[in-house]
Amino acid sequence: MTQDIGMKALDRLTGTWRVTGGTEGTVTYRWLEGGFFLVQDVDMEQAGERIKGVEMIGRLRPFGGEPGADIMSRFYDSLGNTFDYVYELADDTLTIWGGEKGSPAYYRGTFSQDGNTVTGAWVYPGGGGYDSSMTRIV
């Protein structure tokens with residue numbers, strides 16, 4: 001089985017990024033061997049609380065089944081939380097939906113022309129959220 005175009009598009013995320021805005025810290029995206037899953041390692045601080053975690057990003061593929069249509073992820077953090085997301089990259093716009101595609105909770109950011117920054121914001125239902133940008137450092 002070869003890697004699909006939707007997953008391959010996320011290759012733009014590989015590397016280490018400094019995150020600023022409502023959360024501060026670093027994230028590193030790397031491919032799991034085989035190229036079917038992108039792993040995000042997180043080391044950030046939000047509202048004075050240190051958060052470390054790992055996220056597995058890829059298409060769900062039930063035992064004996066075909067890969068799902070959406071690129072899903074599950075994030076596991078050092079506080080014992082798990083969060084599910086759907087990733088979508090169209091042209092230079094990265095959208096990360098909270099829970100399921102079309103959710104009222106999402107991140108939307110735009111890659112710079114050189115691909116070394118992503119500028120956007122998290123949006124929460126009821127008007128909440130915060131600005132969040134990433135700058136590639138490695």
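Residues: numbered from 1 along the sequence shown.
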- Heavy-atom distance under 4.5 Å between the side chains of D70 and W97, does that happen here? no

- What distance separates I51 CD1 from E24 CD, expressed to the nearest 0.5 Å? 12.0 Å

- Message: Under 4.0 Å between a side-chain nitrogen and a carboxylate oxygen: does that hold for D41 and K52?
- Response: no

- Task: Measure across D114 and T117 and return the closest heavy-atom pair with its distance rounded to 0.1 Å.
- Result: OD1-N, 4.3 Å

- T119 and Y107: which non-hydrogen atoms are nearest, and at how many Å? C-OH, 3.9 Å

- Should the pair F83 and F75 be assigned to parallel (<30°), tilted (30 to 60°) or perpendicular (>60°) ring geometry? parallel

- Message: Taking I137 as the starting point, is it possible to reach M134 by hopping between hydrophobic residues whose side chains are less than 4.5 Å apart?
- Response: no

- Considering non-hydrogen atoms only, spot the tightest contact between R12 and D91 and give its length. NH1-O, 3.0 Å

- State plainly whether one hydrophobic cluster holds both L60 and L10, where clusters connect Ile, Leu, Val, Met, Phe, Trp and Tyr through side-chain heavy atoms under 4.5 angstrom apart. no

- Message: If you compare all heavy atoms of L89 against all heavy atoms of A9, which two are closest, and at what distance to 0.1 Å?
- Response: CD2-O, 3.2 Å

- Rounded to the nearest 0.5 Å, what separation is found between the OG1 atom of T26 and the CE atom of M44? 8.5 Å

- For atom CD of E100, decide whether the heavy atoms of other residues, nucleotides or ligands shown that lie under 6.0 angstrom number more than 12. no

- Item | Over 12 foreign heavy atoms within 6.0 Å of CG, N81 | yes

- Message: Is it the case that the side chain of D77 and the backbone of L79 share a donor-acceptor pair, with hydrogens and angles ignored and the cut-off at 3.5 Å?
- Response: yes

- Message: Strictly distance-based, threshold 3.5 Å: is any side-chain N or O of R74 a donor or acceptor partner for the main-chain N or O of M56?
- Response: no

- So, Y106 and E88: side-chain donor and acceptor under 3.5 Å apart, yes or no? no

- Query: Rounded to the nearest 0.5 Å, how far does CZ of R18 lie from OG1 of T135?
  - Reply: 9.0 Å

- Item | Whether R136 side chain and G115 backbone form a donor-acceptor pair below 3.5 Å | yes

- Task: Can you see which heavy atom on P125 is nearest to which on A105, and at what distance?
- Result: CD-CB, 4.1 Å

- Are W31 and M7 close enough that some pair of their side-chain heavy atoms sits under 4.5 Å apart? yes

- Between P62 and E66, what is the shortest heavy-atom contact and its length? CD-O, 3.7 Å

- Would you say T16's side chain and V138's backbone share a donor-acceptor pair under 3.5 angstrom? no

- Query: Would T23 and W122 count as a side chain to side chain contact (heavy atoms under 4.5 Å, CB included) if you check the C-alpha gap in whole Å, the side-chain angles of each, and the deciding distance to 0.1 Å?
  - Reply: CA-CA 10 Å; T23 57; W122 280 97; over 6 Å; no

- Note on the structure: One should read off an interatomic distance between S133 OG and W17 CH2, to the nearest 0.5 angstrom, of 11.0 Å

- Quickly, which of Y87, Y76, Y85 forms a side chain to side chain donor-acceptor pair (under 3.5 Å) with E55? Name it, please. Y87

- Query: How would you list, by chain and number, every residue that makes a side-chain hydrogen bond (donor to acceptor under 3.5 Å, both in side chains) with T95, sequence neighbours excluded?
  - Reply: R108

- Task: Sort out for me which residue in I71, L13, V86, I96 forms a side chain to side chain contact (heavy atoms under 4.5 Å, CB included) with I57.
- Result: I71

